[in-house]
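Owing to the predicted nature of the structure, the values given are computational and were not obtained by experimental measurement. Numbers here simply count residues along the sequence, with the first being 1.
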Amino acid sequence: GLRAWDPDFRSRSLYLTARHVEGGTVDARAALADAEGRCEPLPGSIECLHTLADLQDLAGEHRAALATLATASALDPTNVDTLLKTGIAHAGLREWDAAESSFLAAQRLRPSAPEPAENLEQLRVLRGR
């Protein structure tokens with residue numbers, strides 16, 4: 001009943017793994033090692049790429065997350081979630097200007113959404129502004 005052969009199942013299990021890592025019940029590095037190749041059967045899935053980037057960020061692999069998000073951005077350059085996640089990865093590398101640029105781009109695309117403004121505020125606190 002699990003349909004482990006289905007590529008979408010791999011993406012969904014990756015999502016669940018990332019949420020367990022966020023909750024502290026699964027080690028991020030071990031989960032990332034297990035995630036290798038999970039998005040390959042779904043080459044056009046931005047959702048899978050976002051989840052993989054989340055896991056990479058949680059494991060401290062911010063450069064890998066940026067590479068994954070660059071692939072997502074090539075598929076949909078105006079995806080606000082990709083821009084937000086890109087900003088988060090840049091912030092993880094302490095690349096403040098790049099993070100701010102990503103958050104501002106997300107805010108321009110979705111001005112009524114709270115997430116870009118919240119991320120900008122958190123970034124300003126991190127920068128001591």
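When hydrophobic clusters are built by joining Ile, Leu, Val, Met, Phe, Trp and Tyr residues whose side-chain heavy atoms come closer than 4.5 Å, directly or via intermediates, L109 is grouped together with L104. Taking hydrophobic clusters as Ile, Leu, Val, Met, Phe, Trp and Tyr residues chained together by side-chain heavy-atom distances below 4.5 Å, L32 shares a cluster with V26.
Minimum heavy-atom separation, L14 to A35: CD1-CB, 3.4 Å. When all heavy atoms of A31 and L55 are compared, the pair lying nearest together is O-CD2, 3.8 Å. The minimum heavy-atom distance linking T86 with S102 is given by the pair CG2-OG, 3.5 Å. When all heavy atoms of A99 and G87 are compared, the closest pair comes out as CB-O, 3.3 Å.
With sequence neighbours left out, the salt bridge (Lys or Arg N to Asp or Glu O under 4.0 Å) criterion links R124 to E100.
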Anything under 3.5 Å between a donor and an acceptor, one on a side chain of residues 110-121, the other on a protein residue two or more places apart or in another chain? List them.
none

Pairs of donor and acceptor atoms involving the side chains of residues 39-53, under 3.5 Å and at least two apart or interchain, shall be tabulated with distances.
{"from": "S45", "atom 1": "OG", "to": "C48", "atom 2": "N", "distance (Å)": "3.0"}
{"from": "H50", "atom 1": "NE2", "to": "T82", "atom 2": "OG1", "distance (Å)": "2.6"}
{"from": "T51", "atom 1": "OG1", "to": "E47", "atom 2": "O", "distance (Å)": "3.0"}

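Rounding to the nearest 0.5 angstrom, the gap separating the NZ atom in K85 from the CG atom in L66 is 13.0 Å. Remark: H20 NE2 to S13 OG distance equals 10.5 Å, nearest 0.5 Å. Note that CD1 of I88 and NE2 of H62 are 11.0 Å apart. Values are rounded to the nearest 0.5 Å. With rounding to the nearest 0.5 Å, the separation of CG in L84 from CZ in F103 is 6.5 Å.
By the 4.0 Å N-to-carboxylate-O rule, R19 lies close enough to D54 to be salt-bridged with it. Taking a cutoff of 4.0 Å between a charged side-chain nitrogen and a carboxylate oxygen, R63 and D57 do not qualify as a salt bridge.
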(request) Just do the side chain to side chain contact (heavy atoms under 4.5 Å, CB included) check on D76 and T78 with the steps written out, would you? (result) CA-CA 6 Å; D76 182 1; T78 60; 3.3 Å; yes
(request) Verify salt bridge (Lys or Arg N to Asp or Glu O under 4.0 Å) between D34 and R29, making sure each step is shown before the conclusion. (result) CA-CA 9 Å; D34 185 52; R29 294 226 178 258; over 6 Å; no
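Side-chain contact between R127 and L123: present, with at least one pair of heavy atoms (C-beta onward) separated by less than 4.5 Å.
A distance-only check finds a donor-acceptor pair linking the side chain of T68 to the backbone of A64 [under 3.5 Å].
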